[in-house]
Number of protein chains: 2
Amino acid sequence: MPRARTRPTSRDVAREAGVSQAAVSLVLGDKWRGRVSEATAERVREAARTLGYRPNLAARNLRLGRTRTVLLVVPALTTEFFAGVYTGAARVASRHGFGVVLYPSPEGIGPARDPFASAQAALDGVIASSMAAEALSAIRGDQLPLVMLDSDPGADGVTVNLDIADGVRQVAEHLLGLGHRHFLHLGADVPSWTFEVRARELEARLRRVPGASLRTARSPISIKGAEAAAEAALTSRDRVTAVVCDDDQLAAGTYKAARRLGLRVPADLSVTGMDDLALATAIDPELTTVRLDAELFGERGMQALLAVLNGEQPSGTGIPVHLEVRGSTTRVP
Amino acid sequence: MPRARTRPTSRDVAREAGVSQAAVSLVLGDKWRGRVSEATAERVREAARTLGYRPNLAARNLRLGRTRTVLLVVPALTTEFFAGVYTGAARVASRHGFGVVLYPSPEGIGPARDPFASAQAALDGVIASSMAAEALSAIRGDQLPLVMLDSDPGADGVTVNLDIADGVRQVAEHLLGLGHRHFLHLGADVPSWTFEVRARELEARLRRVPGASLRTARSPISIKGAEAAAEAALTSRDRVTAVVCDDDQLAAGTYKAARRLGLRVPADLSVTGMDDLALATAIDPELTTVRLDAELFGERGMQALLAVLNGEQPSGTGIPVHLEVRGSTTRVP
DNA sequence: TCACCGACGTGTTACGTATAACTAGGTCCT
DNA sequence: AGGACCTAGTTATACGTAACACGTCGGTGA
C-alpha cells in the first residue's frame, strides 16, 4: 500500500531512527550536547539523510513566533543600484540565518498595494528605502521593527544613510577647482529626502561663491526623460559650463542632449553623475561620478535591523562615498 | 494590568466581537455565506479592523500545508534583465495571491550554498534560470514543482524559453543583407543552454553562405571583460566587419575596444547585442540589438508554475523576440 | 403532533515543531 | 547505605489557523 507522497516529518525521522520526535528535534537543532549520546545523534542524522528530511518552516515559525525573514522595500528595480542593496542585505542576512523578501513598490508589481499582502511571508522586520514612497504609510502603520534607508534622520525610527551631502560637496569642489561658475542642476523628479539633500547641499555650497550661478531642472529617472529635460534646459541662452546630475542615468541623458545640441562633453560642457552604475563607464567619455556602494548600503541596513531585533542600539554613522574623476569633466573653456 | 504587547490573534477578534474563533475564520476567509448572518459578519470585520488584526501566516501555512510562496533562482542580479524577470513573475504571482522570494546564486549571497536554506521560506515551487548553474543540482534533488527558464527543452521538467534561436537568425539576416561576410562572435563565457544556442544557430546560418567566415571569442559578461576580449580578437589581421555579441554589455565593451583600436562604429565595424538593456540606447551610436522582454519572460515562467501547481498542462511556446535596428550596424564598407 | 429543515453558529481537532518538565537507571561521595 | 548528581532520553504541550462534525432553535408541511 503506497503511502501518500508527502514530505517526511520529524516524526518519520524519529520512527526510522527508533527514538522520540523530541530527540530528533534536539539533535537537528544542535541542542543535544549532554542530552543525547553521540551514537544516537548519529543515528538520527543518518535517518534524516536517508529520508531527505527538511524541517517544515511554517511549523517552526509558528512554534518560535518568529520567522527569520525580513522585507526589503525598494522602488522598482530598474537599475542595478537597488539590486546591489538587495544583494548586500541578503548576504548579511544569510550569515545570520535570515532570508530577505523583496517588495518593489507598486508600479512594478500591480494591484496589491499592500506590501504585507504582496510579500506572502510572515515577517520579523522591514527595511525600506525612502524612495518607495507609495508603500511607506502602510509600513509605518504596522508595528514591525523598521529601518529606513536614505531618510531624514530627524524622523523617528532607525535610519541608515549614505553620506550624500559629502558626495555633493566633493562634486562641487571638483568643478569649482576646474574653474566652473555657471551650473545646471539636473535633479530627480522623485519626492525623497535623498534628492532634497542633493539640491540643498549644492545650492548652499554655490551660494558662498561670488559670481556663481545655479539653475535647476527636474526629470524622472530615465535616460529618455533626462534627454528631454536637459535639452530644454541647455537650449536657453544662459551660459552653463557644468551639469550636475542626481543620477548616472540623468547624466547619460544629458550626454545625448548635448550631442543633439552640438555641445561636446567635456570640451564644451562638463557633466557629473551619481551612483557609478555600469552605465558610467560604458558611455564615452567615461562619466565623472560619485561612487555609492550599494552593497555596503544594504549590508549596513541589514546590520541595523538585526541590531534592533536583538534589542541593541544600532550604530549609525553615514556611509562614506567618493568621487570618481573620469573624462566627463575638464577645465572650464 | 497591561497585557504583553503582542499581535492580536483570531481569538482576540472573536472575543471582541462576541463570537467563536471559528466564526472569525469563516468570515475573514470569505466562506461565511449561509453560515453566519450578515450582521454578525459585519461585527467580526469591525472587530478585526479596530484591533488591527492580521492573520498569522505561519499558522495558516502550517494548517493549509501550502505557502503560496515560490522561489525564483537567478544568477546574480547584475543587470536589469533578471530584475525584469523577477518583476514579471512577481506581478503574476501577486494577482494569484502568491509571493516570490529570490535566490541570486551564491556568488552574490555568500556561504549558504543551499538555496532552500538561504531563502528562509516554506515554498510551493521553484522557477530557475539555467544560468544559475551552481544552484541547479540542489534544486533538482528536491521534489518541489520546478519550471526552468531558458533551458534545454529536451531535459525533463517544464521549460519556458525565449525564442533566442530566432533572434540570432534575425541578426544574421540583417547583417548578411547589409553585405557582411566576415564575422566575429563574441560569446558569453557562461555554461548555459541559452548561449550554446546562440553559437550554434549563428554558425549554422553562416555555414550556408558561400565565402562567409566566422571567428569566435569568449568573455565573462561584463563591459571590462568584453573590452579586453574584443580588443584581442580584433587586433588579429583577419578581416572582420561585424561583431555579433551575446549580450549588450559585451557589445558595450566592443565599442570601447573599437575606439581604442581606431575603428569607428558603424563605419568600420558593425556591432550587435542582445537583451536591449538601458545601456543599449545610452551608448553612441545606439546599439542594434535583439529585444528580449524580460518581464514577459518572468510572467510566462510564473504562469507555467501556477499551471503545474494546479495540475494542469502548461502551454509551452517560445516567447517571440525581435531585432531593434539602430545606429550600430550599416552596409559593409 | 411530530419529523424535518434551514439558518446560525460552536466545539474540537490537526498541521509539525521546539522545549519545559519529567523519568529511569547508573555512579560517586560520604 | 543513601542521597546527590549525571546521562540519556521520553512525554506532553502550545503556537494560530481552517474546517469538519455537531448542536440548537424556530418554522413548516403532513
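Proteins come first, then strands; the chains are lettered A, B, ... in the order of their sequence lines, and each starts at number 1. Everything numeric in this text was worked out from a predicted model, so none of it was measured.
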Which pairs with one or both residues in residues 65-88 of chain B pass salt bridge (charged side-chain N to carboxylate O under 4.0 Å, His left out), sequence neighbours excluded?
none

Check A:Ala48 against A:Leu28 and note the closest heavy-atom contact, atom names and distance.
CB-CD2, 4.3 Å

Between atom [atom1] in [X] and atom [atom2] in [N], what is the gap in whole Å?
X: A:Asn61; N: D:dT17; atom1: CG; atom2: P; result: 14 Å
X: A:Glu42; N: D:dA8; atom1: CD; atom2: P; result: 16 Å
X: A:Leu26; N: D:dT11; atom1: CG; atom2: C1'; result: 13 Å
X: A:Trp32; N: D:dA8; atom1: CH2; atom2: C1'; result: 12 Å
X: B:Arg68; N: D:dT17; atom1: CZ; atom2: C1'; result: 15 Å
X: B:Arg15; N: C:dT10; atom1: CZ; atom2: P; result: 14 Å
X: A:Lys31; N: D:dT7; atom1: NZ; atom2: P; result: 19 Å

At 4.0 Å (heavy atoms only), tell me whether B:Val24 reaches a base, stays on the sugar-phosphate, or touches nothing.
nothing

What nucleic acid atoms does A:Ser20 come within less than 4.0 Å of, heavy atoms only: base, sugar-phosphate, or nothing?
base

Does the side chain to side chain donor-acceptor pair (under 3.5 Å) test come out yes or no for A:Ser130 and A:Asp150, once each step is laid out?
CA-CA 6 Å; A:Ser130 70; A:Asp150 259 339; over 6 Å; no

Under 3.5 Å between N/O atoms: give me all the protein pairs with nucleotides 14-17 of chain C, atom names plus distance.
unit_1, atom_1, unit_2, atom_2, d
C:dT17, OP1, A:Tyr53, OH, 2.4
C:dT17, OP1, A:Asn56, N, 3.2
C:dT17, OP2, A:Ser10, N, 2.5
C:dT17, OP2, A:Ser10, OG, 2.6

With sequence neighbours excluded, what pairs up with [X] under the salt bridge (charged side-chain N to carboxylate O under 4.0 Å, His left out) test?
X: A:Arg33; result: A:Asp30
X: B:Arg54; result: A:Asp114, A:Asp142
X: B:Glu38; result: B:Arg45
X: A:Glu16; result: none

Just to confirm, is there a sub-4.0 Å distance from OP1 or OP2 of C:dG9 to any side-chain nitrogen or oxygen of B:Thr40?
yes

Quick check on D:dG9: is either OP1 or OP2 less than 4.0 Å from any side-chain nitrogen or oxygen of A:Ser37?
yes

Under the side-chain contact (heavy atoms from CB on, under 4.5 Å) test, which residues partner B:Thr159, sequence neighbours left out?
B:Ser151, B:Asn161

Could you pull out the protein-nucleic contacts involving nucleotides 22-27 of chain C (nitrogen or oxygen on both sides, under 3.5 Å)?
none

So, using side chain to side chain donor-acceptor pair (under 3.5 Å) as the criterion, who are the partners of B:Gln21 when residues are at least two apart?
B:Ser10

